[in-house]
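Have a look at the structure below, then the notes.
Nothing fancy with the numbering, it's 1 onward along the sequence.
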Amino acid sequence: MSDKGPGSFDFEENMLITKGKYRLNCYLPEGKNAEQIVYLHTAASEAAAVWELTDRDYVLVSIEGLDWNRDLSPWPHEKVFAGGEDFAGGAADYLEILTGQLIPAVEEALMPAPKKRYLAGYSLGALFAVYAIYHTALFDGIGSVSGSLWYNGFSAYVKNHTVRHYPDKIYFSLGDKEASSARGILQTVLACTEEIEEKFREDGICTVLEMNPGNHFKQVPKRIAKGFRWLLY
């Protein structure tokens, strides 16, 4: 697919939209229309693998071009991996771009707009997906797959704030070895995820927390597709 610059798109096997530095790869069902759309912060290659693992009667949009540690982190946080970068806490600014520019660009091109809209992610993308519902009412469901819900202060944030719009469903999953990390803060991921899932369930939202075999990096597309099947079908 060609890249014609900001705001352009091509129809081939799928659809590519570029908006500034962001690339939105849209995986389209037959007829290029569907009632459900999922926005997923991941590389196009990973999204394509997820697409192949699901019943394709929805629109999948993968979003690339982010500064991952800046755009998807809710507030500043020190790095957790040696040689890594600190988290800059730019999620609020990026969410304005997502909801004000990127999603409108996709859904104007796909008219009529889908009836249900979901936001999903893996790792920091999953943290951002949960954070987003406290600041926008756009999403009907959330997928948090191996989410970075260990993030310092996030569990308390969920407990002490009110979402803008209660989604129909929130999906959580983790690898059963993720809490066995050698890094202390990552060892809290299971406890934090359980606390957050319980809070949403008590609020009346349909939730689930599924455990998958392996650590954080095992069978990523398969885990995401498993979450989509729960959210969408």
Side-chain angles (χ1 to χ4, degrees), residues 19-24 39-43 46 61-103 118-139 142-165 167 170-175 178-200 203 209 215-217 220 223-224 227:
K19 193 77 172 174
K21 69 174 184 176
Y22 302 101
R23 294 170 58 89
L24 299 98
Y39 292 90
L40 176 67
H41 291 96
T42 192
E46 189 164 88
V61 180
S62 69
I63 305 173
E64 299 179 294
L66 292 82
D67 180 334
W68 194 262
N69 281 16
R70 173 178 295 278
D71 293 339
L72 300 180
S73 56
W75 44 79
H77 193 296
E78 64 183 5
K79 64 185 178 183
V80 295
F81 295 104
E85 297 180 352
D86 289 341
F87 303 94
D93 291 338
Y94 172 66
L95 184 60
E96 289 189 9
I97 295 171
L98 175 65
T99 58
Q101 300 179 37
L102 305 186
I103 289 175
Y118 301 86
L119 181 62
Y122 199 94
S123 195
L124 272 180
L127 173 71
F128 175 79
V130 178
Y131 168 82
I133 61 175
Y134 288 89
H135 301 275
T136 180
L138 280 180
F139 300 108
I142 296 297
S144 173
V145 184
S146 285
S148 300
L149 304 184
W150 51 261
Y151 205 87
N152 191 30
F154 192 71
S155 181
Y157 184 88
V158 167
K159 292 177 181 178
N160 295 321
H161 292 77
T162 303
V163 301
R164 286 280 304 277
H165 165 72
I170 304 180
Y171 176 86
F172 297 94
S173 73
L174 284 174
E178 290 197 54
S180 300
S181 172
R183 293 169 177 83
I185 193 168
L186 302 185
Q187 295 172 6
T188 69
V189 66
L190 176 58
C192 290
T193 302
E194 289 176 333
E195 289 176 5
I196 291 168
E197 188 267 339
E198 181 180 12
K199 169 63 167 59
F200 286 127
D203 286 345
L209 170 55
N215 62 24
H216 185 71
F217 304 100
V220 174
R223 290 183 183 182
I224 296 172

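Residues Val145 and Ala126 approach most closely at N-CB, 3.6 Å, considering heavy atoms. When every heavy atom of Lys21 is checked against every heavy atom of Gly65, the shortest pair comes out as CE-O, 3.3 Å. The two residues Glu85 and Lys79 come nearest to each other via the heavy atoms O-CB, 3.2 Å. For the residue pair Phe154 and Leu149, the shortest heavy atom distance occurs at CE2-CD2, 3.9 Å. Considering every non-hydrogen atom in both Leu174 and Ser146, the closest pair reads CD2-CA, 3.9 Å. Shortest non-hydrogen contact noted between Lys19 and Leu24 is CB-CD1, 4.4 Å.
Between Phe200 and Tyr134, the angle of the ring planes lies from 30° to 60°, which puts this pair in the tilted group. Ring geometry for Tyr22 against Tyr94 counts as tilted: the plane angle lies between 30° and 60°, on a 0 to 90° scale.
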Practice prompt. Please step through side-chain contact (heavy atoms from CB on, under 4.5 Å) for the pair Ile97 and Leu102, ending with a clear verdict.
Written response: CA-CA 6 Å; Ile97 295 171; Leu102 305 186; 4.1 Å; yes

Discussion item. The test is side-chain contact (heavy atoms from CB on, under 4.5 Å); show your working for His41 and Leu119 and say whether it passes.
Written reply: CA-CA 9 Å; His41 291 96; Leu119 181 62; 3.9 Å; yes

Item to complete: Take Phe128 and Leu95, measure what side-chain contact (heavy atoms from CB on, under 4.5 Å) needs, and give me the verdict at the end.
Response: CA-CA 9 Å; Phe128 175 79; Leu95 184 60; 3.7 Å; yes

Worksheet item: Can you list the steps and then say if Glu78 with Ile185 is a side-chain contact (heavy atoms from CB on, under 4.5 Å)?
Response: CA-CA 11 Å; Glu78 64 183 5; Ile185 193 168; over 6 Å; no

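There is no side-chain donor-acceptor pair under 3.5 Å between Arg223 and Ser173.
The distance from the CZ atom of Arg23 to the CD1 atom of Ile63 is 13.0 Å, given to the nearest 0.5 Å. To the nearest 0.5 angstrom, Trp150 atom CH2 is 8.5 Å from Thr188 atom OG1. For the atom pair CG of Leu138 and CD1 of Ile133, the computed distance is 12.5 Å after rounding to the nearest 0.5 Å. Atom OH of Tyr131 sits about 10.5 Å away from atom OH of Tyr151, to the nearest 0.5 Å. Atom CG in Leu209 sits 8.5 Å away from atom OH in Tyr171 (nearest 0.5 Å).
Ile103 has its side chain within reach of Phe139: a pair of non-hydrogen atoms, C-beta onward, lies under 4.5 Å apart. Under the 4.5 Å side-chain criterion, counting only non-hydrogen atoms from C-beta, Ile224 is in contact with Glu46. Within the 4.5 Å cutoff, side-chain heavy atoms of Val130 are placed close to those of Phe172. The shortest side-chain heavy-atom distance between Leu124 and Asn69 falls under the 4.5 Å cut-off. Here the side chains of Val220 and Thr42 are not in contact, with every heavy-atom distance at 4.5 Å or above.
Listed for the Tyr122 side chain is a donor-acceptor partner under 3.5 Å among the backbone atoms of His216. A donor-acceptor pair under 3.5 Å links the side-chain atoms of Thr193 to the main chain of Val189, judged by distance alone. A donor-acceptor distance shorter than 3.5 angstrom exists from the side chain of Glu178 to the backbone of Gly175, with no hydrogens or angles considered.
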